[in-house]
Amino acid sequence: MQYAQIVLPLNLKGSFTYKVPEELMSDIKTGMRVLVPFGGKKIYTGIVFELHDNAPENFSAKEVISILDDQPILPEEQIDFWNWLSDYYLCKLGEIYRFAFPSSLKLESETYLKLKPNTTVDFENLDVNEMYLIQALEVRQLINLTDIEAFIPKKDIIKTINSLIDLQYIEIDEKIAEKYKAKEVAYVKINDEVLGNQNLTEILVRLNRSSKQKDLFLAILEKQTEHPEVPIRKAELFEDGYFGSSHFKGLADKGLVEEYLMQKDRIESYEGEIEELEELTEQQKEAKNEIDEAFEEGKNVLLHGVTSSGKTHIYLEKIDECIQEGKNVLFLLPEISLTKQITQRLEKKYGRQLGFYHQKLTDFERVEVWRRIKHNDIKILIGTRNAMFLPYRNLGLIVVDEEHDSAYRPREASPNFNAKDAALVLGNMYGAGVILGSATPSVESYYNARKDKIKYVFLNERFGNVNLPEYELINFKEAQESKKVSGNFSLHLIDEIKKTLDEKNQAIVLHNRRGYANVIECESCGYVNYCSNCDVVMTYHKAANEMKCHYCGQRASKPRSCPKCQSEKLNERGVGVEQIHEEVSKLFPDHVVDRMDVDSMRKKFAYEKLYEKIEDGETDIVVGTQMISKGLDFDHIELVTIPKADSLLYVQDFRAEERAYQLITQVSGRAGRVSGKGRILIQTYNPDHSVFQLIKMNNPAKIYKYILTERQKFHYPPFTKLIMIELKHRKEDKVNRASQFLGSILRKYLPEECVLGPERAPIARLNNLYQFQIMLKLPRGKKYDEFKKMVLLSLNEFDEITAYQSIKKDVLVDF
DNA sequence: AGCACGCCGACT
DNA sequence: GTCGGCGTGCTC
């Protein structure tokens, strides 16, 4: 095997061919990391994806510099998984690599500057910047490029460096820095020789003159003899303040004790009591049996369990079984803030065998988890979508909790894949069973279950036979006509909240729109504030007293008068959650009303604080956006109200109804978890709308049937496959031409009815990039693969036009 | 993605 | 006249 296909952490297609030097041939294996030169003088950490003997024809391969691992860091299963992801989602292996590995594991060379040896610098002829740089280099021999920014203005850096290189004073070098340092902790022990020497009395007599040292010596000796297997941390000796480090040093100088260092995991693990699981209810047992059967047939499972039906309970049972069989578990969650409940329960049972992996870990913490997974120290890994790429060796089970959640596919992620779907494939690679769990499964998963591609398991009762919440639709139009409203609330709804509060219970008000008002509009000329980076109006946030663009995050001050016609009559239009919160606060001045949305939860621990407040009953009403539909499992929430439910449906998206159903059902699940007397009030202008009517009936099968019929009628997923191609560029005419061109190529290879567009994106400009999109509607089944090859062909043809290379192109498969 | 090369506008 | 902008091309 003389050649290796290496994947590099760059946004480039496929892999690169390198020659394996003779001396590395016997050691190199697929899945190992290697250092390779690339381009001018850069060195990258690449991964060996394939070894072969086919010499490249069109170029001469460079040589692998060295191998970084003694065993493959990436298991075969992951290599297969990456290849699948790249094929299916039409993304680059380099993108996956960058996403999958913590940056400390894929070091690249950094450019350094150093003084040329044996040169005398003539300071007379240097400018200020040049002098600074030379002086800095005299102090520390190496300086990397980013450090220079600290003392030379950014725009002068290149000039300064070039000039000094011309003068032959400095030179450029590349260096790979080892970034990851294991955290080491100091431990102490009695010197081995001292222990061997039986004459302890003699030692103690010698210590009589320094009583503290003697006490310390005895303390260490006692710990060590009582628990010889437990290392003694140096820090713990000084914890009660009685001993100081000078006492230890005294003993060490006498050769009685010694200090040694050990690596410590950065991640703190649970060390408390370990607890057994509760027994399953009859219904849960039945569900578990069905899962077992499915797994035996080699089928994956969609676990559809209404809120508080005890899905977690079943997960725990399956997890336990899997671990008994000596296999490991991956538990996926849409976002890390939801880990609380599941973690607490798992920690009690599995303690240190539990690991976490998510976006909030530091890079070093990620590396630690990698190592622990590699060493098989972790039995259960709880994590978000990026945890799918850890180097598992023997996965036996993957759980995807809240599988419908859109966080499994963040909009602007690279590589863009759906973690829920990818989990099924990952499970297949490892021969592990996969459970997708949700109270409101995605329509696609439900359809797959219906088509028997995955097994459908339904839990339709709440734990402890508690009743499901009851829905009531309030006709807001009628209420308005009979003048029974106050602002955005019907008197009936207000009355219901009042009743709930009188019974010392809590209520939730859902309004899924951030800010105070959607638009601020000039009454006389109609002027509205546009974001300067995007083609969207800015939202008024009263709490922060500013205008915000919800797409690029830009902020601006609230205008006092119309910048166009100077009129001071500015109208606020469109209702945001802040306004609903304000109204509720005014309606219930004697109660505590809190707001929960991304804007109010931005501060550190804001979420935790509010969570505690609700738990302790200090909050009476929580007004919030969709955030409140997740993780708020409290006993005293009895009422959920949605004053402006229509806004959930007025979204331009074929998934609007599905999303509305999921959101309403999820937030409803917060009510009456214990009492079984939960009530949901949906206030709408269209109480006859099918979605509301079906929700009221509380019959999931009917809702899914309705949504599926609609999807079939309009040729949307799951009946067709969608691929969305987005093109972005700073110049509108350029991206317009490019998308017309790509559209024509696609039409050349695909039937006319499959290609929609190109057209301007609903938000024509975002972050100063103009956007055009082409939607591909492709048939399912065998034909799909064939058509997708054509798409790939078209995209490659497009890529050959060099003039369009500066255009950002995103391909979203299964949009 | 990074980096070098090369061609056009705003300044000493 | 130069500096520096960024459009283009290339990397095993």
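Here is how names work: the chains are called A, B, and so on, in the same order as the sequence lines, proteins then strands, and each is numbered from 1. This structure is a prediction, so every number in the text was calculated from the model and none was measured.
- Between dC12(C) and Lys62(A), a contact under 4.0 Å exists linking OP1 or OP2 to a side-chain N or O.
- Residue Leu8(A) contributes atom CG, which lies 14 Å from atom P of dC3(B) at whole-angstrom precision.
- Between Arg760(A) and Glu732(A) there is a salt bridge, with a side-chain nitrogen of the basic residue lying less than 4.0 Å from a carboxylate oxygen of the acidic one.
- Rounded to whole Å, atom P of dT11(C) lies 19 Å from atom CG of Leu93(A).
- In the set dA1(B), dG9(C), dT8(C), the nucleotide with an atom closest to the side chain of Thr802(A) is dG9(C).
- What separates NZ of Lys92(A) from C1' of dG2(B) is a distance of 14 Å, to the nearest Å.
- In this entry the distance linking CZ of Phe59(A) with C1' of dC12(C) reads 4 Å, nearest Å.
- In this structure, of dT11(C), dC12(C), dG2(B), it is dT11(C) that holds the atom nearest to the side chain of Leu12(A).
- In this structure, Ser806(A) does not reach the dG7(C) phosphate: none of its side-chain N or O atoms is under 4.0 Å from OP1 or OP2.
- Salt-bridge annotation for Asp810(A) and Lys728(A): present, with a side-chain N of the basic residue lying under 4.0 Å from a carboxylate O of the acidic one.
- Checked for salt-bridge contact, Lys809(A) and Asp799(A) meet the test: a charged N lies under 4.0 Å from a carboxylate O.
- Atom CD1 of Ile161(A) is separated from atom P of dC3(B) by 12 Å (rounded to the nearest Å).
- Lys789(A) forms no cation-pi arrangement with Tyr749(A), by the criterion of a distance under 6.0 Å to the ring centre and an angle within 45° of the ring axis.
- Atom P of nucleotide dG9(C) and atom CD of Gln805(A) are separated by 7 Å, given to the nearest angstrom.
- We find that CD1 of Ile801(A) is positioned 11 Å from P of dG9(C), with the value rounded to whole Å.
- Between Arg409(A) and Glu444(A) there is no salt bridge, since none of the side-chain N atoms of the basic residue sits less than 4.0 Å from a carboxylate O of the acidic one.
- In this model, the phosphate group of dC12(C) is not approached by any side-chain N or O of Lys19(A) to a distance below 4.0 Å at OP1 or OP2.
- The separation between Lys42(A) atom NZ and dC10(C) atom P is 21 Å, rounded to whole Å.
- Listed nucleotides: dT8(C), dA1(B), dC12(C). Nearest to the side chain of Lys734(A): dT8(C).
- Within the 4.0 angstrom heavy-atom criterion, no nucleotide atom of any strand lies near Lys13(A).
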